[in-house]
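So the structure is just underneath, and the comments pick up after that.
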Amino acid sequence: MTLNTRSGTNAFHGGVFDYFRNTVMDANNWFANRAGNPRAPEHHNDFGGVLGGPIWKDKTFFFFSYEGLASICPRLP
């Protein structure tokens with residue numbers, strides 16, 4: 001759970017983020033490694049951004065936030 005409170009401003013502000021995880025960057029599971037099994041494919045990409053700014057100066061403001069997730073997790077037998 002994420003809770004943010006922001007006061008309005010008369011300037012536009014924003015930000016972006018990206019979290020990337022791939023099979024190439026992961027170590028093999030100890031049990032799978034001992035059995036000679038290859039790493040299970042795993043691809044995880046969490047991305048998004050925020051934007052805020054004025055609608056009417058000193059009166060009304062907006063804030064927009066977006067988060068996307070693309071994930072392929074390994075299947076266990």
Which donor-acceptor pairs under 3.5 Å do the side chains of residues 13-24 make with protein atoms, sequence neighbours left out?
from	atom 1	to	atom 2	distance (Å)
Arg21	NE	Asp26	OD1	3.3
Arg21	NE	Asp26	OD2	3.1
Arg21	NH2	Asp26	OD2	3.4
Asn22	OD1	His43	ND1	3.0
Thr23	OG1	Glu42	N	2.6
Thr23	OG1	Glu42	O	3.1

Please report the interatomic distance CZ(Arg39) to CG(Asn29), rounded to the nearest 0.5 Å.
12.0 Å

Please set out all donor-acceptor pairs under 3.5 angstrom arising from side-chain atoms of residues 55-69, sequence neighbours excluded.
from	atom 1	to	atom 2	distance (Å)
Asp58	OD1	Asn10	ND2	2.6

